[in-house]
Amino acid sequence: MLNRCARKGTAGSNPAVSAFNLDRTKRQASACLFAFRGPHTMDEPIRVRFAPSPTGYLHIGSARTALFNWLFARKHGGTMVLRIEDTDKQRSTDESTRSILEGLEWIGIDWDEGPFYQSANVDRHRGAVERLVADGKAYRDFTPRQATDDRTVKAEIADRARANAGEKVRNEYRDLDPVESARRAEDGEAFAVRLKVPEQGESTFVDTVYGEQTVDMKTIEDLVLLKSDGSPLYNLSVVVDDIDMRITHVIRGRDHVSNTHKQILIYRALGAEPPAFAHLPLIFAPDRSKLSKRKHGPVVSLTTYRDRGFVPEAFRNFIALLGWSPGTDEEVMTLESLVERFSLEGINRADAIFNFSEADDRSWTDAKGLWMNAEYLSKALPEERIADLVESQLRSAGLWSDEYAVDGIRRAWFRSTVAMLRARARTLDDFSIGNRAFWADDYPIDPKARAKNLGDPRTIELLCELGNQFSALEPFTLETAESTLRAFADEAGVKAGVLINGSRTILTGSPVGPGIFEVMMALGRERTSQRLIRGPMDE
RNA sequence: GCCGCUAUAGUGUAACCGGUUAACACGCUGCCCUCUCAAGGCAGAGAGUACGGGUUCGAGCCCCGUUAGCGGUACCA
């Protein structure tokens, strides 16, 4: 299937091509004779693009495609272009565009040119079609348009193909006399424009990820370039824009591989050299179906992660590992390291599964993603960054105090409390929800913790008394608090653990958390003793 | 139906030119810490590389076939 004879020869000295091909030495396909090698000349810089269609929020798969394009551009000093493919006016919305832009910004992907809106280029697209017709490379098809029902297209395609027994049907207008064709158009007869696909031979290109791709021309029908209402179709628009924007490398989902053959035909018909192509494996849901907004809901949307306390660095790191690996055991990597290590060679060909379970709230999204987030929160990020993230988290939860921002004792307290809490944090929500008791006096008490640790009324009485002792304790330190509690437990004839767990429940409302004396120090003597004296709040 | 792609523990990925008992991480289980834990430490289970042939002294890596999944097959993008 693959052989290695070809690679050194094809890479040549072209920097753009080299960057692309050398990445993939081990998988470089053979058949260099017939494969195009990209349009690059010696000095042509790398230009990539991310081209989402604004029909919804930014999807995990799209975010990954954007990321890979971005990493590739950054690694090779190339240019990243953002193009919004809004030609489908029915489905495109400004809101989606905004949401996509926001998503990219959140995850830290920027672009050097754009955003360009594809709808602004329809004249160019039509112009290209006119040229193709004039050159005899495309023709007018006067067949009346058949209504297509979006729901059943898949089934219809299969049925039609079956009916044709896999044979390509020759369009009756393909060889219509050009004069006759022009006359009928003049007369106002509606027509679509189709590309004249060669009837013989094969279409071949070398995909940087998947290797040589060959298909018989017979399997490609004369594709429509322009609808009968005059609007250009996707494959045409993409090619015209990519030519205009001088895109050198197209990195996108592998659901486009068969489009690639068609697009290359268009490039050639237009007299342009196609760029290099690298297709990415898809991302599936646990049931092995394509991850989709409609079917799987918010779990596929980037904004969900932002809203549920993910750190963008962590999420970016996590999706970078979906279908790509640096080839080493490294997993937690800085952006710089990601850029440095990224290569198309490291892209896997098998589709990746994004694991999550709607049933279990603790694994509402992929466990590894959650783990990655916890890694960033607890260790990978510098203290400064964590402080900023927690600040905005607390602000939106209405728990922020401006005293934390100015130099002084409150700020120091804020920083040390965050440092204590980050070890156990999985999401930013843990700071505002799970650890509310550190920022506010009204916090809920976990019913299970209450039942387990405060079930005995005597415990509550003892804790109240302990609170009194704490209020007079001087100094109030880790050591004195611990010895006081332990001595008090001895006197009362209960195990220290009973008072410790009871304290934690009253002080934080939670059954888990940092060591109790650290918690007490963070809360300070006042709040510690008052909360113990007051006892558990009623809900 | 036709065309194409893919196949390594539950998941994400390793395994240089074929060469020890197929590695790492997540998750899972257990133990320890005993002041809890969703934290930390330690240990463990879990694949013989989809299946069947072939080549070879030797195959997860090469060849052939089968199966399954997926993508495409549209006047959608």
Side-chain angles (χ1 to χ4, degrees), chain A residues 1 4 26 51-53 55 85 87-88 90-92 141 143 145-148 150 153-154 156-168 192-194 207 210-211 213-216 218-221 223-229 231 233-235 237-238 253-259 261 279 281-282 284 286 288-290 318 321-332 346 348-355 362-363 366-372 374 378 423-426 430 434 449 452-453 482 485 495-501 503-505 510-517:
Chain A
M1 164 173 74
R4 283 154 185 91
K26 72 175 178 187
S53 52
T55 54
E85 305 211 326
T87 47
D88 185 340
Q90 304 291 308
R91 295 193 293 158
S92 300
D141 177 3
T143 310
R145 179 180 186 172
Q146 295 167 350
T148 47
D150 227 38
V153 268
K154 292 271 180 194
E156 276 171 22
I157 290 163
D159 287 347
R160 196 185 58 160
R162 242 187 304 275
N164 296 337
E167 284 300 299
K168 187 166 156 185
V193 177
R194 288 182 184 267
D207 186 278
Y210 287 95
Q213 300 293 310
T214 302
V215 131
D216 199 298
K218 291 191 188 75
T219 65
I220 307 175
E221 69 173 7
L223 55 139
V224 173
L225 303 174
L226 203 67
K227 297 195 216 179
S228 46
D229 67 3
S231 54
L233 260 96
Y234 170 76
N235 279 316
S237 300
V238 175
R254 73 146 232 264
D255 45 345
H256 286 287
V257 296
S258 47
N259 276 332
H261 289 101
H279 287 95
L282 265 23
F284 286 151
R288 298 203 143 267
S289 68
K290 211 165 132 186
F318 169 63
L321 262 15
L322 244 31
W324 172 79
S325 136
T328 64
D329 288 344
E330 293 166 285
E331 293 196 311
V332 180
N348 203 234
R349 285 180 288 208
D351 299 315
I353 292 174
F354 184 81
N355 235 331
R362 232 181 106 65
S363 26
D366 196 290
K368 190 132 190 183
L370 248 11
W371 167 82
M372 185 69 81
S378 62
R424 270 157 245 265
R426 290 168 68 84
D430 291 343
K452 188 180 167 203
N453 300 322
E482 176 158 11
L485 182 143
K495 293 210 293 189
V498 172
L499 299 184
I500 284 169
N501 290 323
S503 296
R504 177 175 293 107
T505 306
S510 167
V512 303
I516 192 62
F517 303 108

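Chain letters run A, B, ... following the sequence lines, proteins first and then strands; every chain starts at 1. Bear in mind that the values here come from a model prediction, so they are computed numbers and not experimental data.
With a glycosidic angle more than 90° from 0, B/C61 adopts the anti conformation. B/G65: glycosidic angle beyond 90° from 0, hence anti.
Contact between the side-chain N/O atoms of A/K227 and the OP1/OP2 oxygens of B/C76 is found at a separation under 4.0 Å.
By the ring-ring contact (aromatic ring centres under 6.0 Å, His included) test, A/F517 pairs with no residue at all, sequence neighbours left out. The salt bridge (charged side-chain N to carboxylate O under 4.0 Å, His left out) check on A/D329 picks up nothing, with sequence neighbours excluded. A/V332 meets the side chain to side chain contact (heavy atoms under 4.5 Å, CB included) test with A/N317, A/W371, A/M372, A/E375, A/Y376, A/A380; sequence neighbours excluded. The ring-ring contact (aromatic ring centres under 6.0 Å, His included) test applied to A/H261 returns A/F205, not counting sequence neighbours. Residues passing the salt bridge (charged side-chain N to carboxylate O under 4.0 Å, His left out) test with A/D141, sequence neighbours excluded: A/R194. With sequence neighbours left out, A/R254 forms a salt bridge (charged side-chain N to carboxylate O under 4.0 Å, His left out) with A/D351. A/N235 pairs by the side chain to side chain contact (heavy atoms under 4.5 Å, CB included) definition with A/L223, A/N259, A/K262, A/Q263, A/I266, not counting sequence neighbours. Under the side chain to side chain contact (heavy atoms under 4.5 Å, CB included) criterion, A/S258 pairs with no residue, sequence neighbours left out.
Rounded to whole Å, the separation between the P atoms of B/A43 and B/A25 comes to 11 Å. Remark: the separation of the P atoms in B/C76 and B/G53 is 49 Å, to the nearest Å. Across B/C2 and B/C57, the matching P atoms stand 40 Å from one another, rounded to whole Å. Taking atom C1' in both B/U49 and B/C42, one finds a spacing of 30 Å when rounded to whole Å. Between the C1' atoms of B/C61 and B/U55, the separation comes to 14 Å (whole Å). Between the C1' atoms of B/U34 and B/G69, the separation comes to 49 Å (whole Å). Using atom P as the reference point in both B/A23 and B/C16, the two lie 14 Å apart (nearest Å). Only the P atoms considered, B/A14 is 35 Å distant from B/A74, to the nearest whole Å.
At a threshold of 4.5 Å between non-hydrogen side-chain atoms, the residues A/W324 and A/P281 do not count as touching. A heavy-atom distance below 4.5 Å is not found between the side chains of A/L321 and A/K368.
Checking A/T214 against A/W324, the closest nucleotide of RNA chain B that is more toward the 5' end is the one next to A/T214.
The distance from atom CZ of A/R145 to atom P of B/C75 is 9 Å, rounded to the nearest whole Å. Between A/E330 atom CD and B/A14 atom C1' there is a gap of 13 Å when expressed in whole angstrom units. For the pair A/N355 CG and B/G12 C1', the interatomic distance rounds to 9 Å; values are reported in whole Å. Rounding to whole angstrom units, OH of residue A/Y210 and C1' of B/U6 are separated by 7 Å. The distance between atom CZ of A/R91 and atom P of B/A74, rounded to the nearest whole Å, is 17 Å. The nearest whole Å value for the distance from the CG atom in A/D229 to the C1' atom in B/C76 is 13 Å. One interatomic measurement links the two molecules: NZ of A/K218 to C1' of B/C3, which rounds to 13 Å at whole-angstrom precision. Between the CZ atom of A/R349 and the C1' atom of B/A14 there is a distance of 15 Å, rounded to whole Å.
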Find every protein N or O atom lying less than 3.5 Å from an N or O atom of nucleotides 42-49 of chain B, and list the pairs.
none

Filtered N/O pairs between nucleotides 68-73 of chain B and protein, under 3.5 Å:
from	atom 1	to	atom 2	distance (Å)
B/C70	O2'	A/R254	NH2	2.9
B/C70	O2	A/R254	NH2	3.2
B/G71	O4'	A/R254	NH2	2.9
B/G72	OP2	A/K154	NZ	3.1
B/G72	O2'	A/S258	OG	2.5

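At the heavy-atom level, A/S228 lies under 4.0 Å from base atoms of the strands shown.
In terms of modelled atom types and a separation under 3.5 Å, the side chain of A/S378 and the main chain of A/A374 share a donor-acceptor contact.
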Checklist outcome for this item: Per-nt protein contacts along nucleotides 26-41 of chain B (heavy atom under 4.0 Å; B base, S backbone sugar-phosphate only, - none) come out as SS-------BBBBBS-

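Residue A/R426 comes nearest to A/D430 through the heavy atom pair N-OD2, 2.7 Å, listed as atom of the first residue, atom of the second, then distance. The minimum heavy-atom distance linking A/S53 with A/E85 is given by the pair CB-O, 3.3 Å.
The side chain of A/L233 lies closest to B/C75 when the candidates are B/C75, B/U13, B/G10.
Stems are defined here as 3 or more consecutive Watson-Crick or G-U wobble pairs with pairing distances under 3.5 Å; those involving RNA chain B are B:1-7 with B:67-73, B:10-13 with B:23-26, B:28-32 with B:40-44, B:50-54 with B:62-66.
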